[in-house]
Number of protein chains: 2
Amino acid sequence: MSKITIQQIADLAGVNKATVSRVINGNSKISEKTREKVEAIMKQQNYVPNSIARGLAFNKTFTVGFYSDYTDKRAYANPFFYKVLQGIEEIVYNNDHMFLMMSDHVNKKSKSTFEKVVSQHRVDGLIIPNTLLTERNYDLLVKHKMPYVVTGENMLPKGGVPWVDIDNVQAGQILTEHLIELGCRNIMIYAGGEAVKRDKFLADRLKGYTETMTRNQLDISVIQHGDVLKTFNFSEGSVKSEISGIAHPDALICCTHEQLFEILDWERGNPMLSELALATFDNFPLSKYMTHPVHFVDIDLEMMGKQAAKMLFSLMNKEPSVPKSISIQTRIGN
Amino acid sequence: MSKITIQQIADLAGVNKATVSRVINGNSKISEKTREKVEAIMKQQNYVPNSIARGLAFNKTFTVGFYSDYTDKRAYANPFFYKVLQGIEEIVYNNDHMFLMMSDHVNKKSKSTFEKVVSQHRVDGLIIPNTLLTERNYDLLVKHKMPYVVTGENMLPKGGVPWVDIDNVQAGQILTEHLIELGCRNIMIYAGGEAVKRDKFLADRLKGYTETMTRNQLDISVIQHGDVLKTFNFSEGSVKSEISGIAHPDALICCTHEQLFEILDWERGNPMLSELALATFDNFPLSKYMTHPVHFVDIDLEMMGKQAAKMLFSLMNKEPSVPKSISIQTRIGN
DNA sequence: ATGAAAGCGCTAACAT
DNA sequence: ATGTTAGCGCTTTCAT
């Protein structure tokens, strides 16, 4: 513990500690001479203001929180999740704040981590995934006047919730357009029925696909189970499925990696490789191990993190006219 | 902002704020009657002590930090990395502390995040991966008397560095033993030469393999490139490689997932599936998509996180006789 | 067992 | 431009 305090710096510089405080905080009403003297001593003594004391005086923590759910394997097992964090930290650090990450751990005998952090004001602002913005959490944030930004489109039936999300409709559009440009006409999309109802991002991707196909006067073809695809006899070049009677697809858009892997897994014993263009959203780390090339839209999650953090600082600084929501545009990868 | 303070609670209870403070901190010298009265009022008012003020008085932050490197894709892209975090947080929250996660972001005009956190005492203790415990960081920690624990075996030529790591030697042993029990005799291990020198965990896994093979009087066979394996003609059941002359392996241990994927990728066009037992360390999320079963040791990273955090709290509490290092045992998965 | 008062390190309103 | 003083909310001697 370098117990050196503002008082000691003041003594060493032969000034009052208030003067040192003014130097620290860049107060203009300070003579160049004393400023230099104090700064020299601070540097020489390797003095660092105690942020706790500073926080108490300012009634601030200089910390931004990120709330997440470890039990949400979809987030944490997703290698891209850290991209969002990277974007957030970039902005947080550039604003001279710390980054407090917390999971939604619930302690048996006490409040949840979230409730503690919010009620104790351990952070000045919070970034929270839409899946964790429950009614209860929303109420807590409002009650404690805690600034926050949601990643992923707000799902709560509340107005004025600030959010940042990937534009999944646009992603569906450009991916479909890309396949059309490549010459594909019978473009199928694999979008599970239940999941689409539950996850808005899936519905949005589907919507982007549907709109684009319609605009190009192409037939829409949505399958809800990979099994349907397997009824097509690719090897014999048949034009219609023996069972479903649907036109032979020349491209398949998988809405999630899980779907893509299911297809790739099944495809190994099938010679559809050269006949079917595969496409999905987001790049993925094992892609290099894949023998079948996969088209994909590049989702800039780092940008999403940055925008969320920027928006949060705007809110914390009570800037006027902060946008309520931001949609991040995507583009074709590779 | 629920601006309710200890003074207001005291007023409401008709006692001095010192009394309230004693109730909060479980001071024994308090009559049961006043304790109950104060506790009732605190609960009724939904009072939460201001942790900043508390920290200032205690000269503590009630926060534990975790230092990591976003540029280290191996960590962040690894879904298992989060297991460690989960373990850490479990302990941290049970000890009523917060969890401050920080990357090694370096701000252009100022100190690194790490240096700020340590010099400003933003945390009471720190967990840091061995790869980030540089000489410089070590010096900072010592200089500021900051308690810390290293995950992964200490690589620094310094004594007394507390660390927690997976017992990779033991992991190599039991995996090899498992294969032997399964009837394998010609067990090969894929361990790249350069990597082994760089990463101690690889050398340890190799060591565990070597020891076990020797103890069982079996021949050791280490390959440094996957290509060597490809010289074996599995399909014809030949006993020796045409080129290397090495005995036909019936099992292959891959030291990393990358190696495993390389083999699996190449293997698709080869009928070695039924002939070669594959084995690796750590389970991985895409395993269910693999058609070739893979033996593996289950590495309990959550336990590693827990142990690291427990050790850190012991250090922070200045408990006597805290172990300097802990090796986490592994076991065969599935 | 409880109250009064000093102090943790810093900021800010008020003096000079 | 600089010093003085009073907090920020809590803990902790020291009284009583």
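None of the values given here were measured: they were computed from a predicted structure. First the proteins, then the strands, lettered A, B, ... as listed; each starts at 1.
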Comparing B/Ile52 and A/Asn16 on DNA chain D - which has the more 5′ nearest nucleotide: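 Counting from the 5' end, the first nearest nucleotide belongs to A/Asn16.
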Minimum-distance nucleotide (side-chain atoms of A/Pro49 versus D/dG9, C/dC10, C/dT2):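 Among the listed nucleotides, the one closest to the side chain of A/Pro49 is C/dC10.
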Side chain of A/Lys17 (C-beta onward), nearest among C/dC10, D/dT11, D/dT2: C/dC10
Rounding to an integer number of Å, can you tell me how far [X] [atom1] sits from [N] [atom2]?
| X | N | atom1 | atom2 | value |
| --- | --- | --- | --- | --- |
| B/Asn50 | D/dT11 | CG | C1' | 13 Å |
| B/Tyr47 | D/dG9 | OH | P | 10 Å |
| B/Ile6 | C/dG3 | CD1 | C1' | 13 Å |
| A/Arg54 | D/dG9 | CZ | C1' | 18 Å |
| B/Arg22 | C/dA5 | CZ | P | 14 Å |
| A/Lys29 | D/dG3 | NZ | P | 15 Å |
| B/Asp11 | C/dG3 | CG | P | 11 Å |
| B/Lys60 | D/dT11 | NZ | C1' | 14 Å |

A/Lys116 bridged to B/Asp96 by N-O distance under 4.0 Å: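 Result for this pair is yes, salt bridge flagged.
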Sidechain-backbone polar pair: A/Ser51 side chain, A/Arg54 backbone, donor-acceptor under 3.5 Å: no
Short side-chain N/O contact from A/Thr34 to OP1 or OP2 of D/dT2, under 4.0 Å: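 The answer is yes; a side-chain N or O of A/Thr34 sits under 4.0 Å from OP1 or OP2.
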Short side-chain N/O contact from A/Thr19 to OP1 or OP2 of D/dG3, under 4.0 Å: yes
Rounded distance [0.5 Å steps], CG in A/Asp139 versus NE2 in A/His144: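 Atom-to-atom, A/Asp139:CG and A/His144:NE2 are 10.5 Å apart.
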Distance-only polar pair, side chains of B/Asn16 and B/Arg22, donor-acceptor under 3.5 Å: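 No, no side-chain donor-acceptor pair sits under 3.5 Å.
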Side-chain donor-acceptor pair present, B/Asn50, A/Arg122, cut-off under 3.5 Å: no
Students often get this wrong, so: under 4.0 angstrom with heavy atoms, is [X] touching a base, only sugar-phosphate, or nothing?
| X | answer |
| --- | --- |
| A/Val15 | sugar-phosphate |
| B/Ser21 | base |
| A/Leu56 | base |

Closest-nucleotide ordering on DNA chain C, the 5'-leading residue of B/Phe58 and B/Ala18: B/Ala18
